[in-house]
Protein chains: 2
Amino acid sequence: MTTPKRRVPVMADVAREAGVSHQTVSRVLNDHPNVRPDTRARVEAAISRLGYRRNLAARALVTKRSRTLGVVSFDTTLYGPASTIYGIEQAARTAGYFVSIVSLKSIDTASVGDAIDYLAEQGVDGVVVVAPQRSAGRALENLPAGMPAVAVEGTHSTDVSVVCIDQAEGARLATRHLLELGHETVWHVAGPQDWLETEGRIEGWRSALEEAGRPVPEPLAGDWSPRAGDEAGKSLAGMDGVTAVFAANDQMALGVLRALSEKGVRVPEQMSVVGFDDIPESEFFSPPLTTVRQDFDVVGRHCIEVLLRQIEAGPAAFERLVVRPSFVVRASTAPVR
Amino acid sequence: MTTPKRRVPVMADVAREAGVSHQTVSRVLNDHPNVRPDTRARVEAAISRLGYRRNLAARALVTKRSRTLGVVSFDTTLYGPASTIYGIEQAARTAGYFVSIVSLKSIDTASVGDAIDYLAEQGVDGVVVVAPQRSAGRALENLPAGMPAVAVEGTHSTDVSVVCIDQAEGARLATRHLLELGHETVWHVAGPQDWLETEGRIEGWRSALEEAGRPVPEPLAGDWSPRAGDEAGKSLAGMDGVTAVFAANDQMALGVLRALSEKGVRVPEQMSVVGFDDIPESEFFSPPLTTVRQDFDVVGRHCIEVLLRQIEAGPAAFERLVVRPSFVVRASTAPVR
DNA sequence: CTGTTAGCGCCTTCAT
DNA sequence: ATGAAGGCGCTAACAG
C-alpha cells in the first residue's frame, strides 16, 4: 500500500503545466478581461488536466470575503422555516455563495446572539436570521459591527433590513372570507406568545372583525402544534354559537378538524375552519383546508437579494420588503346555515 | 460622517495589548499547555477587551482544515431530510464544526457530484449525503480523492460509510401488525422508483406477506405526495376484498385516508391504514394514524459521529450503522370484521 | 497582455 | 514558558 502521496495541486502547479505565471492562472479563474484567448484555453486545459480546485481559504484570506452566508433559524423542521431556508439556499448558491446554517433549539436573545457570533467567527459575509420571535429580533440590535444582516419576519426595527410576509393582511383575508360567508363572528386559535406572526395574525383578524362591527372573541392560545388545535377545537365544540374558526396555522387547523370530527361537529356544514401557511398536506385534510398561502420561497430569495445588495454595494439604507400572502379556498368553509 | 476606520483586530493587536508575542496568543487560543496561568489571563483579557475573533480563513489556510462539514440533500422541505439535517447540524456544532448545506432540486448523479465538488472547493473537511436514491448514491463512487464521506440511506456499497434506518424491518412491523389483526393480505402504496426507501419498504412488506403465506398484491405506485395517496386510495376503494393498506409514508397515508372518507369507506372499521415516518401531524389525522416511527435525529447524530471518526482518526474501515425503527399503534387500524 | 513582488492572519518549527 | 522566522495559496498592486 505505497500511496504515491500526490499533493493537491495548487495554482503554481497549473501555472507550470500551462507555461504561464500563477498570476495568469488567477486571472483566468477570476474572469479578468486581459487574457489572450489561447492563453486562457491553455490554462483551462491545465486546470482540468490536473483536476485543480482553488483554495477558498487562501482566497478569503486576501479578499476578506468568504462567499459564505450564515443563516440562523429556529426549528428548521417546521414547514415555514424549512421552506424559507430552501429558498435562501437556492438563491445564494445561484449567486455563488455558500450557506452555513445554525438551527437553534431555544430561542432567547442570547442564543441568537451566540449563533451570530459563531457565524461571524467563521467569517460569513452576512447573516439572515429566520427567527420570528420578539426576543430573537432583539439579538439583531447587537450585531458585530459592520455585519450585513437581514431578518425574516423581523420587528419594525430600523437598524436592520427585513423581509416579511404581510401577516395581518393574510389574517384579514381569512376573516373577511368567513364574514362574507355570513358568519356572525370568527374565533381565533392563536400561535404562541412572543412570535411576531402570532401578533400579526391576531391584529389582522381583530381589525377585520372590528371594521365589520362584529364582536371580537377572546383568542384561544396555541403553540403551532396539532395538539393545541385539538384542544382548542374541543373547547370550541362545546361552546354555543361558534360557526367559524380561524387557526393561526395549518397544523393547528388540523387539530381543530380532528377535535370537531371527534365531537361530531361536521365541517363545513356546522363549522367553517380556515388555516394559515398552505402546507402541502392541507389540500388533503378532511375536508381540504381553506387557508392562507405564504410563498416562503419568494421570501428566501428576497432575503438573499437584500443581503447581497448590502454586501456588494455597501451599507445603504435598510430595506423593508413585504410579501403579500394569497388565499386558497377549499372545502373547509361554507356559508353559515 | 468621519468613521474612525477601526480595523478588525488581529492576533498581533492582541499580542501588543497583552504585552506578549502573537505566538503566545495563538497558544492561548489553541489551549496549549505551556502557558503560565497569569499570561493566559492577560491574553484573555486583551482578547475580550479588543473583541478579537480569530480569522478562520487564515487558520484553515495553514491547518488545511476548515472545520466545516458539507451536507448535500434533496428537498430539505420534506420532514425526513429536514429532521435528519437538524440532527446533523446539532451534532456538528456540538463537535465544533460548521455545516454548509446544498439542497438539490433534481437528484441525478451529476447534480450530487456537482454539489460535492462545490463543497470540496469550499474546503469542507467531509460531506454527508442525504440523498437516498440509487442515482444519488452512485455519485459517491467518484468522491474527490480522500474526502471523508457518509451517506444516509445509502446503497450497500463498500467504499463509503452508511447510516440508515432499517426500512425493511419497519415495513415488516407494519405488515405483520395488519396480518395479526386478521387481514387476509395487505396492499401497499409504494414510494417513487429509484428511492432506496421505496425498495426497502416493498421488500419488508413482501417478505412479511410471504412468510405468512399470503398473496402479494401488485404495489400501487406513488411519489410520497398526499395526492398520490389520494389516487391510490380511490383505486383501492373501488376494489373488492381490500381491507388493509400500508402506505410508504404518512403523507400518502393522509391521501389514502382522504380518498376513503370521500368514498364513504370508514377507517378503521372497513379498512385499516398504516403509514411510515410518524410525522408530527399523523397523530391528528382522522383517524389518528398507526405508523412506523423513524428517529431521524439519531440518524443525524450518527452521521456526524461516523464522519468525524473518519476525519479525525483517518480513513479506517467503512462503517455501516443501522437504526431500528419502532411502531406506533393508533386508531387507523383494527381487527378485520 | 503577462510577470514580479508583497503581503493577507495564522500555525509550525526551532531557538531561547 | 515564550519569541522569531517562515510559509500556507491566493490576489493586488505595479512593472514591463
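Proteins get letters first, then strands, A, B, ... in listed order; numbering begins at 1 in each. Just so you know, these numbers come straight off a predicted model, no measurement behind them. As a basis for the values below, the full set of heavy atoms in this structure was taken, side chains included, without hydrogen atoms, waters or symmetry mates.
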Problem - Carboxylate-amine/guanidinium contact A:R93 A:E89, below 4.0 Å - result: yes

Problem - Salt bridge flag under 4.0 Å for residues B:E319 and B:R309 - result: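 Looking at B:R309 together with B:E319, the answer is yes, because their closest N to O distance falls below 4.0 Å.
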
OP1 or OP2 of [N] less than 4.0 angstrom from a side-chain nitrogen or oxygen of [X], does that happen here?
| X | N | value |
| --- | --- | --- |
| A:R59 | D:dT11 | yes |
| B:T39 | D:dT2 | yes |
| A:N30 | D:dT11 | yes |
| A:S26 | D:dT11 | yes |

Practice task
Select from B:K64 and B:R40 the residue whose nearest nucleotide in DNA chain D is closer to the 5' end of that strand.
Solution key: B:R40

Handout entry: Along DNA chain D (nearest heavy atom to each residue), the more 5'-positioned of B:T24 and A:L29
Key =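 With B:T24 and A:L29 compared, the 5'-side residue is B:T24.
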
Exercise for the section: Give A:R27 one of three labels, base, sugar-phosphate or nothing, depending on what nucleic acid heavy atoms sit under 4.0 Å from its own. Expected result: base

Exercise for the section: Tell me what B:N34 touches on the nucleic acid: a base, only sugar-phosphate, or nothing, going by heavy atoms under 4.0 Å. Expected result: base

Handout entry: Partner of A:L69 under side-chain contact (heavy atoms from CB on, under 4.5 Å), chosen from A:V124, A:V127, A:I304
Key =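 Passing option: A:I304.
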
In whole Å, I'd like the distance from the [atom1] atom of [X] to the [atom2] atom of [N].
| X | N | atom1 | atom2 | value |
| --- | --- | --- | --- | --- |
| B:R42 | D:dA1 | CZ | C1' | 12 Å |
| A:N55 | D:dG7 | CG | P | 18 Å |
| A:L56 | D:dC10 | CG | C1' | 10 Å |

Practice task
Could you list where the contact with chain A starts and ends along DNA chain C, reading 5' to 3', using a 4.0 Å heavy-atom cut-off?
Solution key: C:dC1 to C:dG9

Practice task
Identify, with sequence neighbours excluded, every residue that meets salt bridge (charged side-chain N to carboxylate O under 4.0 Å, His left out) alongside B:R65.
Solution key: none

Exercise for the section: Taking salt bridge (charged side-chain N to carboxylate O under 4.0 Å, His left out) as the test, write out the residues that go with B:D75, two or more places apart. Expected result: none

Handout entry: Heavy-atom side-chain proximity of B:V299 to B:C164 below 4.5 angstrom
Key =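 SC-SC contact between B:V299 and B:C164 ruled out.
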
Exercise for the section: Report yes if the distance between the aromatic ring centroids of B:Y118 and A:F98 is under 6.0 Å, otherwise no. Expected result: yes

Completion exercise
The residue, B:L61 or B:Q23, whose nearest nucleotide of DNA chain C is more 5′ is B:L61

